[in-house]
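To start, the structure under review is shown below, and the notes come after it.
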Amino acid sequence: MRHTLFLTVLISASLTGIAAEKDKKSETESTVSNVVRPKQKDFSEERLPQLKLAPGFKINVFAKGIDNARMLAVAEDGTVFVTQPGKGQVSALRDNDGDGVAEEIKVAVSDVKDVHGITLHDNHLYLASTKELLRAPMLNGKPGKPEILIKDLPDGGQHPKRTMGFGPDKALYLSIGSTCNNCEESNPEHATMLRVDPQNWQRKVFAKGLRNTIGFAWHPETKEFWGMDHGSDDRGDNVPPEELNLIKENADYGWPFCYGQKIVDKKANTPKNGTKEEHCSKSIAPVLEYQAHSAPIGFAFYTGSQFPNEFQNDAFVAMRGSWNRKPATGYKIVRVNFEKGKPVGFDDFVSGFLVENGDAHFGRLAGVAMAKNGALLFSDDANGIVYQVSYLGAGKERE
């Protein structure tokens, strides 16, 4: 069994869960809601050595000048597509000479307001904006004109950014975040994972009680459905935790009435039907928990051949970073260690974007994807950077 170094910021990550009494104690110990927004610093190449990487790895800038770079998708030919919701466009990044830097950066899709979610499937590029699902045919490696498949997704509210992916059953799964912190949604599609039938583009709620599961994917071997959910704001520095959930059909994951190990949220409104306690007793608790307010975004399993075998079928998550905690947390890439198909803990993989004792940062991370060569790509939507992490070898210093 591989050695797992648990993060000091990890909130009691265990497969068996945490005692409810301990959770209630942590809730009362941390009730002050701190608003701390680290100041953004510009990126420069001189900042790269400040980043801390797992041993044997190096990092470089794959592309820069990609304003509001968010979610990533990699085509069979190695082209990296990145959504830019602030500009309503998708850019295509190409590293033609294989040196780890994209020499060619072109706008591939434009005029799709708030475009965010992206995936490639059956020679088509799929995109999601706040209310629309679109599809563009891939023609000689380039997307054609997008057609609108769905145009009536729920309003955005607090969480307008949609993400999606095709599951092992060939259906399209689409995450719809909540509109608020603790309201009982009037639209049953809010705070859910939707399943969309690609034969007729009809949709249904697959799972609910998910406040904002932007990052999700299927384990390469077990085919189980895993996703990281955002906890609510304004409940203290350490409450509620971010959640790693095993997402199952017809399951309820508790929001807005409870969090973590089925702990009743005292700030949640009373439900229209039943009590909060009754709702929580029927909900599904997370498999692992992570430090509150870290803001997980991109989520991807590693299936390449470049990294050591111990990384195979582990997941990587982009923690965009907090604004509602003191001291600030997140602003890093973390690895989710899986053993025999089950998650057992988190490690820091790339950190150091927080500087000046946490009062500033030079990166808020968003998308995660595996490059064609097996390197790991991730985006920074604050400074418009796409980074690449490669493996040098055991005992080697990074370049």
Side-chain angles (χ1 to χ4, degrees), residues 9-12 23-24 26-40 70 116 130 154-163 175-187 190-192 208-215 227-245 253-271 276 279-280 283 285-286 288-299 317-332 334 354 358-359 361 364-366 381-382:
V9 297
L10 182 63
I11 301 177
S12 48
D23 279 318
K24 290 177 182 177
S26 68
E27 183 178 24
T28 59
E29 286 176 347
S30 178
T31 58
V32 176
S33 180
N34 290 296
V35 176
V36 177
R37 300 182 185 275
K39 183 178 180 181
Q40 180 183 335
R70 289 288 292 192
H116 186 258
T130 302
D155 292 333
Q158 194 179 67
H159 298 120
K161 292 181 170 61
R162 315 301 186 208
T163 51
S175 176
I176 305 292
S178 71
T179 62
C180 59
N181 267 317
N182 64 359
C183 64
E184 191 169 3
E185 300 281 7
S186 58
N187 187 330
H190 276 124
T192 69
K208 63 182 181 179
L210 297 165
R211 180 171 175 265
N212 194 29
T213 298
I214 293 183
M228 290 287 302
D229 196 42
H230 289 219
S232 295
D233 303 317
D234 194 30
R235 280 146 177 77
D237 286 344
N238 299 312
V239 176
E242 314 291 35
E243 301 182 355
L244 176 61
N245 290 304
Y253 292 86
W255 185 89
F257 306 115
C258 50
Y259 57 81
Q261 304 303 309
K262 303 187 180 183
I263 305 304
V264 173
D265 188 340
K266 295 178 180 179
K267 288 196 173 187
N269 297 326
T270 300
K276 288 189 283 188
H279 277 263
C280 291
S283 68
L288 291 183
E289 298 176 359
Y290 193 82
Q291 174 61 57
H293 309 302
S294 296
I297 306 290
F299 184 106
V317 183
M319 298 293 180
R320 189 165 185 268
S322 65
W323 61 267
N324 193 203
R325 185 177 192 271
K326 182 179 182 180
T329 190
Y331 301 87
K332 64 178 71 173
V334 301
L354 273 177
D359 291 332
H361 73 85
R364 300 201 74 184
L365 313 184
D381 72 1

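Values below: all heavy atoms of this structure, side chains included; hydrogens, waters and symmetry mates excluded.
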Calculate, to the nearest 0.5 Å, the distance between atoms [atom1] and [atom2] belonging to [X] and [Y] respectively.
X	Y	atom1	atom2	result
H230	N181	NE2	CG	12.5 Å
I214	L210	CD1	CG	12.0 Å
T130	D155	OG1	CG	9.0 Å
T179	R211	OG1	CZ	10.0 Å
D237	T329	CG	OG1	10.0 Å

Check for a donor-acceptor pair, side chain of [X] on one end and backbone N or O of [Y] on the other, with a separation under 3.5 Å.
X	Y	answer
Y331	S322	yes
K276	A268	yes
K262	S283	yes
R364	G321	yes
D265	K267	yes
T163	G215	no
E243	G231	no
D229	N212	yes
Q40	A382	yes

### Query
Looking at residues at least two apart in the chain, or sitting in another chain, which of them share a ring-ring contact (aromatic ring centres under 6.0 Å, His included) with H159?
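H159 satisfies ring-ring contact (aromatic ring centres under 6.0 Å, His included) with no residue once adjacent residues are dropped.
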### Message
Applying ring-ring contact (aromatic ring centres under 6.0 Å, His included), can you list everything that pairs with H190, at least two apart in sequence or on another chain?
### Response
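For H190, no residue satisfies ring-ring contact (aromatic ring centres under 6.0 Å, His included) once neighbours in sequence are set aside.
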### Message
Run V334 and Y290 through side chain to side chain contact (heavy atoms under 4.5 Å, CB included) and show every step you take.
### Response
CA-CA 11 Å; V334 301; Y290 193 82; 3.4 Å; yes
Sub-4.5 Å side-chain heavy-atom contact between [X] and [Y]:
X	Y	result
P286	N245	yes
L354	P38	yes
K332	R320	no
V239	K266	no

State, without any angle test, whether [X] and [Y] hold a side-chain donor-acceptor pair at a distance under 3.5 Å.
X	Y	value
R162	H116	no
N324	S33	yes
S178	W255	no

#### Entry: Pairing residues for C180 by the disulfide bond (SG atoms under 2.5 Å apart) criterion, not counting sequence neighbours
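Partners of C180 by the disulfide bond (SG atoms under 2.5 Å apart) criterion, ordered by chain and then number, come out as C183.
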### Task
Dump the intermediate steps for side chain to side chain contact (heavy atoms under 4.5 Å, CB included) on F299 and L244, then the final yes or no.
CA-CA 11 Å; F299 184 106; L244 176 61; 3.9 Å; yes
### Task
Please determine which of H293, Q261, Q291, E289 meets the side chain to side chain contact (heavy atoms under 4.5 Å, CB included) test together with P241.
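It is E289, the one option of H293, Q261, Q291, E289 that forms the side chain to side chain contact (heavy atoms under 4.5 Å, CB included) with P241.
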### Query
With the threshold set at 4.0 Å, does a side-chain nitrogen-carboxylate oxygen contact exist between K161 and D381?
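Here K161 does not pair with D381 in a salt bridge, since their nearest N and O are not under 4.0 Å apart.
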### Task
Might you point out which heavy atoms bring G358 and A328 nearest each other, and give the distance in Å?
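Closest approach of G358 to A328: O-CB, 4.0 Å.
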### Query
Are C258 and I263 close enough, and set up right, to give a side chain to side chain contact (heavy atoms under 4.5 Å, CB included), and what steps lead you there?
CA-CA 5 Å; C258 50; I263 305 304; 5.6 Å; no
### Query
Are W323 and V35 close enough, and set up right, to give a side chain to side chain contact (heavy atoms under 4.5 Å, CB included), and what steps lead you there?
CA-CA 6 Å; W323 61 267; V35 176; 4.2 Å; yes
